[in-house]
Amino acid sequence: MVSHFAYLDPGTGSIVLQAVIGVILGAIVFFRNFFIRLLGKVRSIFTGKSSTDEK
Amino acid sequence: MKNNRIAKSNALSASFRDPSGYVFTGDDGLVYRQVNKIATKDFEAFIKSKLYLQLSRDKLIVSHQEISDAPLLGEAYKIIKPQQINFISYPFEWSFSQLKDAALLTLKIQKLALAKNLSLKDASAYNIQFVDGQPIFIDTLSFEKYTTNKPWDAYRQFCQHFLTPLALMCYRDLSLGQLSRVFIDGIPLDLAAKLLPPRAKVKPSIIMHILLHAKAQSNKASSAAKPDAKLSKHNQLAIIDNLATAIKKLKLPKVKSEWGEYYDNTNYSESAAAKKDELIIDFLKPLNVKTAIDLGGNNGRFSRSLNKRNIFTVCADIDPNAVEDNYRQVKANKETMMLPMLIDLTNPGGALGWANQERSVFAGRIKADVLLVLALIHHLAISNNLPFTQIAQYLQSFAPYLVIEFVPKQDSQVQKLLATRKDIFDTYDAANFKKAFGIYYNLIKEQPIDGSVRTLFLFERK
């Protein structure tokens with residue numbers, strides 16, 4: 001669907017490039033966030049264990 | 001508001017590309033913006049989503065008022081009166097960090113817009129102005145409803161207006177920012193790709209947003225129908241974050257410039273500079289000035305004395321490192337009374353675009369109560385061979401009052417200028433100076449500056 005009010009010519013190549021690099025960068029962001037969350041969960045598991053161990 | 005005989009001739013001459021509306025000056029001399037009927041949905045979405053509220057509250061966009069009693073002719077849906085901007089500057093008149101901050105603001109706004117299902121239609125550097133020491137977005141009509149999975153139309157324009165000049169200044173040469181005067185829609189990607197050195201071309205973000213981007217511009221798909229390429233919002237945000245990170249990392253190399261250590265190398269001792277300060281303030285006291293222009297103001301040394309007395313100052317200098325230094329101080333100290341500008345007074349920019357009218361000349365845009373011309377006259381008259389009368393004629397267009405420092409031949413700075421050239425300047429002396437300026441000005445005060453051989457003059461335009 002084309003916006004009639006976007007008066008700028010975006011350039012066909014720029015559109016295609018965005019789709020391509022968007023997938024790559026999007027994947028990097030996705031996996032980075034995934035690992036940050038994972039690391040966070042792992043940390044909290046270990047912190048949880050050690051505090052119950054100590055008592 | 002009675003001005004609604006809005007002939008298109010009242011429209012600001014750069015405001016014609018977007019059918020959504022245009023900017024014009026009213027009968028009261030103030031700037032207004034007309035929102036056209038076809039832009040109704042997008043404009044109301046911008047308001048109703050509270051994006052406008054959020055951006056204007058954080059001073060990221062100019063605030064505006066809707067003019068409810070304005071008669072609406074033809075295609076008009078609404079007339080709004082935006083926050084007025086007293087000093088308009090163009091991207092090629094900004095230092096490196098000013099352009100960098102303008103770029104980051106644009107990206108920040110696009111991110112905030114996407115969060116509310118809106119998107120910027122364009123990413124021109126001319127959508128930004130500097131107000132109270134900070135960049136602010138001025139194109140209230142630049143927002144449209146976000147279409148799901150549609151790539152960002154303004155991506156290429158962003159890269160050409162912001163990324164290529166910043167990359168070229170950082171990796172190749174600081175003076176390449178001036179290419180923006182020649183390429184009014186930003187420095188082309190392929191040109192940047194050719195000019196960047198090898199060490200820039202290994203950076204992933206440069207590879208993606210400039211090199212591959214440049215290659216993608218070639219004709220292959222251009223004649224085909226519009227591509228159906230999809231870009232999820234998540235992925236678009238990833239691109240925007242990548243652009244922001246890349247731009248944040250661009251830093252100016254530490255360069256020794258001619259004027260960089262100016263104030264260490266001039267023939268002014270600290271006490272003599274302080275005396276000059278006092279004299280300037282003394283001259284200005286009875287005049288009740290609110291705004292000033294400091295030409296050749298370097299990093300703002302004397303402009304700041306004016307700022308302390310609540311005088312807003314446009315501080316223009318030819319040296320990009322000095323202007324950069326000035327802007328860094330503005331940021332570090334959160335100053336609001338200073339606008340640093342990068343101007344070569346012997347070749348200022350402007351008169352650009354269609355019919356040479358889209359972007360206006362420096363002296364036409366920048367006017368103030370007083371003009372300061374300190375330690376500059378010898379560069380104009382001697383280095384640039386300008387006759388005093390021509391200098392006076394140009395300077396009088398800026399302000400009704402002029403504070404100017406005459407630097408005589410026996411001054412060591414002038415001796416430096418004459419060291420390697422033939423002294424053809426028989427008429428370069430205070431008497432001829434006063435005579436020439438007397439054509440355009442009346443002399444109000446004249447006083448030698450203690451600790452130097454220079455004299456400070458106060459003139460009033462005739």
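Predicted model only: the values in this text are computed from it and were never measured. In the text below, chain A, chain B and the rest are named by the order of the sequence lines, each starting its count at 1.
For the pair Gln18(A) (side chain) and Gln236(B) (backbone), a donor-acceptor distance under 3.5 Å is absent. Side-chain atoms of Arg156(B) do not come within 3.5 Å of backbone N or O of Gly13(A) as any donor-acceptor pair.
With a 4.5 angstrom heavy-atom cutoff, Asn242(B) touches chain A only via side-chain atoms. Both the backbone and the side chain of Ile15(A) come within contact range of chain B, judged by heavy atoms closer than 4.5 Å.
By the 6.0 Å contact criterion, CZ on Phe31(A) is open, its count of non-hydrogen atoms from other residues, nucleotides or ligands being 12 or less. A 6.0 Å sphere centred on NZ of Lys108(B) holds no more than 12 heavy atoms belonging to other residues, nucleotides or ligands. For NZ of Lys111(B), the number of neighbouring non-hydrogen atoms (other residues, nucleotides, ligands) closer than 6.0 Å is 12 at most.
Between Phe30(A) and Asn235(B), every side-chain heavy-atom pair lies at or beyond the 4.5 Å cut-off. Ile21(A) has its side chain within reach of His209(B): a pair of non-hydrogen atoms, C-beta onward, lies under 4.5 Å apart. Met208(B) is not listed as a side-chain neighbour of Leu17(A), based on a closest heavy-atom distance of 4.5 Å or more. Side-chain contact check for His213(B) versus Ser14(A): some heavy-atom pair is nearer than 4.5 Å. Under the 4.5 Å side-chain criterion, counting only non-hydrogen atoms from C-beta, Leu8(A) is not in contact with Lys121(B).
When all heavy atoms of Gly22(A) and Leu231(B) are compared, the closest pair comes out as CA-CD1, 3.8 Å.
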